[in-house]
Trainee: 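Below you will find the structure I want to go over with you.
Here the structure is a predicted model, which is why all the values come from computation and not from measurement.
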Amino acid sequence: MQIYLDYSATTPPRPEAIALMQQILSQQWGNPSSLHEWGQRAATVLEQARMQVAGLINAPADGIIFTSGGTEADNLAIMGVARCYSQPQHIIISSVEHSAISEPAKLLESWGWEITRLPVDNWGWVNPNDLENALRFPKGDASRTNTVLVSIIYGQSEVGTLQPIEKLSEIARSHGALFHTDAVQVAGRLPIDVQKLGVDLLSLSSHKIYGPQGAGALYVRPGVELVPLLGGGGQEMKLRSGTQAVPIIAGFGVAAELAAQEMGQETPRLIRLRDRLFDLLSNVADLQSTGHRWQRLPHHVSFCLLNADGKKLSGKTIVRQLNLAGIGISAGAACNSGKLNPSPILLAMGYSNKLAKAGIRLTLGRYTTEEDVDWTAMVLQQILQRLTPEPALSKV
């Protein structure tokens with residue numbers, strides 16, 4: 001039995017996307033910037049995909065800038081705004097951002113920018129009052145920096161918590177700051193309406209919604225100015241130079257359109273499976289759920305291992321043991337060169353160094369069944385019983 005439960009890492013490309021990509025590779029392979037027939041056929045494919053992705057988030061098609069993925073979209077949002085200023089200013093992010101946001105923020109900080117990292121509670125949730133208090137508007141005082149951008153992740157990939165983006169964006173924009181959100185984990189799983197959310201910038205990724213790897217998009221609200229990261233031919237409304245990967249973008253487009261069509265049925269199904277998995281594991285003394293129990297991504301289940309000792313039992317250990325049983329999940333902590341590092345997300349949520357190395361994540365998708373969930377819960381409990389013969393006495 002093979003059970004894949006790592007859909008937050010990547011999703012298998014859906015057959016419709018693969019078929020369309022094959023067709024375009026053989027029939028519509030032209031450069032979309034060329035004026036002849038071959039180029040115009042490719043340009044038509046490109047604009048169709050732009051409309052499909054825009055439809056997923058209720059955006060105007062000319063607000064969609066195609067990128068190589070969610071990481072580039074995040075970088076274009078952060079650095080594209082920053083490069084509009086000749087002097088360092090102030091940016092606010094949360095303390096639970098994906099590294100595609102936190103790393104560019106560190107780089108800007110090394111260049112003299114001021115970065116505020118908003119705290120979160122033990123559920124990983126940002127308090128809107130903290131954002132209100134962190135905003136800086138010196139009203140003519142040239143010696144102080146303005147807050148020019150706020151970037152808060154919509155759905156946290158490691159612990160699943162959803163942020164109150166509509167409220168946070170309202171606070172930021174009412175004070176004159178641009179607002180960006182990384183919606184990579186939310187898109188295709190929950191409805192997104194950029195008009196209702198009030199965001200200026202929003203990042204998407206193809207391979208999180210059953211499209212191919214190698215494509216993403218940044219929604220840019222009309223009127224928002226960015227300085228591009230790449231110099232070149234001025235493709236993508238002069239914001240992302242380079243010949244577009246038309247077949248990959250086409251696969252992204254059809255995946256976005258189908259996700260929008262199927263979300264009404266698929267999202268409630270995922271929520272039922274998510275809650276079933278939580279319920280099946282709720283009495284396991286060795287596990288403590290992480291993230292907000294209800295205000296969370298519909299496909300996302302995550303825990304800390306309370307009896308982790310860093311040697312015999314860690315998040316990485318569980319990933320390996322489940323893999324031997326044919327089940328694919330992920331660990332919340334980063335592992336480089338064999339060294340297990342505590343998760344910065346769990347540390348920000350108040351977990352100890354020991355527990356921050358003991359996170360696991362199980363994420364469900366369109367091919368996950370109730371039988372998969374039941375089997376995984378049983379196997380995980382057996383592994384924990386074998387590796388921790390003395391169960392934890394409490395969950396404190």
Trainee: Looking only at the side chains, is there a donor atom on one of Gln163 and Ser94 sitting less than 3.5 Å from an acceptor on the other?
Mentor: no

Trainee: Between the side chain of Glu72 and the main-chain N/O of Ser68, is any donor-acceptor distance below 3.5 Å?
Mentor: yes

Trainee: Would you mind reporting whether Gln381 and Leu384 have side-chain heavy atoms less than 4.5 Å apart?
Mentor: no

Trainee: Can a side-chain donor-acceptor contact be found between Gln244 and Glu236 if the only test is distance below 3.5 angstrom?
Mentor: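 A donor-acceptor contact under 3.5 Å links the two side chains.
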
Trainee: Ignoring hydrogens and geometry, is there a side-chain-to-backbone donor-acceptor pair from Arg296 to Val159 under 3.5 Å?
Mentor: yes

Trainee: Side-chain contact test, heavy atoms from C-beta onward, threshold under 4.5 Å: evaluate it for Arg136 versus Thr116 and give yes or no.
Mentor: yes

Trainee: Which heavy atom of Leu131 sits nearest a heavy atom of Ala172, and at what distance?
Mentor: CD2-N, 4.5 Å

Trainee: Look only at the side chain of Gln195 and the backbone of Asn58, and say whether a donor-acceptor pair between them is shorter than 3.5 Å.
Mentor: yes

Trainee: State which residue, out of Thr181, Asp74, Asn75, fulfils the side chain to side chain donor-acceptor pair (under 3.5 Å) condition with Ser203.
Mentor: Asp74

Trainee: Heavy atoms, side chains only, cut-off 4.5 Å: are Val81 and Leu226 in contact?
Mentor: yes

Trainee: Out of curiosity, does Ile93 fall in the hydrophobic cluster containing Leu347 (side-chain heavy atoms, cut-off under 4.5 Å, transitive links)?
Mentor: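 They do not share one cluster, since no chain of ILVMFWY contacts under 4.5 Å joins Leu347 to Ile93.
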
Trainee: Using modelled atom types only, decide if a donor and an acceptor are shared between the side chain of Lys208 and the backbone of Ala9 within a distance under 3.5 Å.
Mentor: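 Pair found, side chain donor or acceptor close to backbone of Ala9.
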
Trainee: Under a 4.5 Å cut-off applied to non-hydrogen side-chain atoms, are Leu107 and Met79 in contact?
Mentor: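 A side-chain contact under 4.5 Å exists here.
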
Trainee: Are Leu149 and Leu202 linked, directly or through other ILVMFWY residues, by side chains that come within less than 4.5 angstrom of each other?
Mentor: no

Trainee: With a 3.5 Å distance limit and no angle check, can you tell me whether Ser99 reaches the backbone of Ser102 through a side-chain donor-acceptor pair?
Mentor: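 No: the side chain of Ser99 does not pair with the backbone of Ser102.
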
Trainee: Quick one: does Arg269's side chain have a donor or acceptor within less than 3.5 Å of a partner on Gln265's backbone?
Mentor: no

Trainee: Treat each ILVMFWY residue as a node, draw an edge where side-chain heavy atoms are under 4.5 Å apart, and state whether Leu387 and Leu362 are in one component.
Mentor: yes

Trainee: Scan side-chain atoms only and decide if Thr147 and His90 contain a donor-acceptor pair under the 3.5 Å cut-off.
Mentor: yes

Trainee: Is there a donor-acceptor pair under 3.5 Å between the side chain of Thr376 and the backbone N or O of Val373?
Mentor: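 No; judged by distance alone, with no hydrogens or angles, the pair does not exist.
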
Trainee: Quick one: closest heavy-atom pair of Gly30 and Ala42, and the distance?
Mentor: O-CB, 3.1 Å

Trainee: Tracing side-chain links under 4.5 Å among I, L, V, M, F, W and Y, which residues wind up in one group with Trp29?
Mentor: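 Members other than Trp29 - counting any ILVMFWY side chain reachable under 4.5 Å - are Trp38.
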
Trainee: What is the minimum heavy-atom distance between Ala177 and Val150, and which atoms define it?
Mentor: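 Shortest heavy-atom contact: CB-CG2, 4.4 Å.
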
Trainee: Hey, does the side chain of Asp200 reach the backbone of Phe179 with a donor-acceptor pair shorter than 3.5 angstrom?
Mentor: yes

Trainee: Answer yes or no: does atom CG of Leu35 have more than 12 heavy-atom neighbours from other residues, nucleotides or ligands under 6.0 Å?
Mentor: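 For Leu35, atom CG is not crowded (no more than 12 foreign heavy atoms under 6.0 Å).
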
Trainee: Within the structure provided, determine whether Asp286 and Leu305 are in side-chain contact (heavy-atom separation under 4.5 Å).
Mentor: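 Asp286 vs Leu305: side chains apart.
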
Trainee: Does the side chain of Leu197 reach to within under 4.5 Å of the side chain of Tyr154, using non-hydrogen atoms?
Mentor: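 Counting from C-beta outward, Leu197 and Tyr154 do come under 4.5 Å.
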
Trainee: Can you confirm whether His299 sits close enough to Ser8 that some side-chain heavy atom of one is under 4.5 Å from a side-chain heavy atom of the other?
Mentor: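 A side-chain contact under 4.5 Å exists here.
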
Trainee: Say whether Ile345 and Leu162 are linked into one hydrophobic cluster, either directly or through other cluster members, by side-chain heavy-atom distances under 4.5 angstrom.
Mentor: yes

Trainee: Using the rule given for side chain to side chain donor-acceptor pair (under 3.5 Å), can you reason through Thr161 versus His292, listing the C-alpha separation, both sets of side-chain angles and the distance that settles it, and then say yes or no?
Mentor: CA-CA 5 Å; Thr161 298; His292 199 287; over 6 Å; no

Trainee: Considering all heavy atoms of both residues, which atom of Ile248 and which atom of Pro212 are nearest to each other, and what is their separation?
Mentor: O-CG, 3.3 Å

Trainee: Would you find a donor on one side and an acceptor on the other, under 3.5 Å apart, between the side chain of Glu97 and the backbone of Ile153?
Mentor: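 Indeed, once roles are kept as given, a pair shorter than 3.5 Å links the two residues.
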
Trainee: Tyr4: which other cluster members, linking ILVMFWY side chains closer than 4.5 Å, directly or transitively?
Mentor: Tyr7, Tyr210, Tyr367

Trainee: Look only at the side chain of Ser169 and the backbone of Glu166, and say whether a donor-acceptor pair between them is shorter than 3.5 Å.
Mentor: yes

Trainee: Give me the atom names and distance for the closest heavy-atom approach of Val184 to Arg189.
Mentor: O-NH1, 4.4 Å

Trainee: If you compare all heavy atoms of Leu168 against all heavy atoms of Pro128, which two are closest, and at what distance to 0.1 Å?
Mentor: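 Shortest heavy-atom separation between Leu168 and Pro128 comes out as CD2-CA, 3.8 Å.
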
Trainee: Test of understanding: clusters of I, L, V, M, F, W, Y form through side-chain heavy atoms closer than 4.5 Å, transitively. Do Ile101 and Val96 belong to the same one?
Mentor: no

Trainee: Can you tell me if CD on Glu109 sees more than 12 non-hydrogen neighbours from other groups inside 6.0 Å?
Mentor: yes

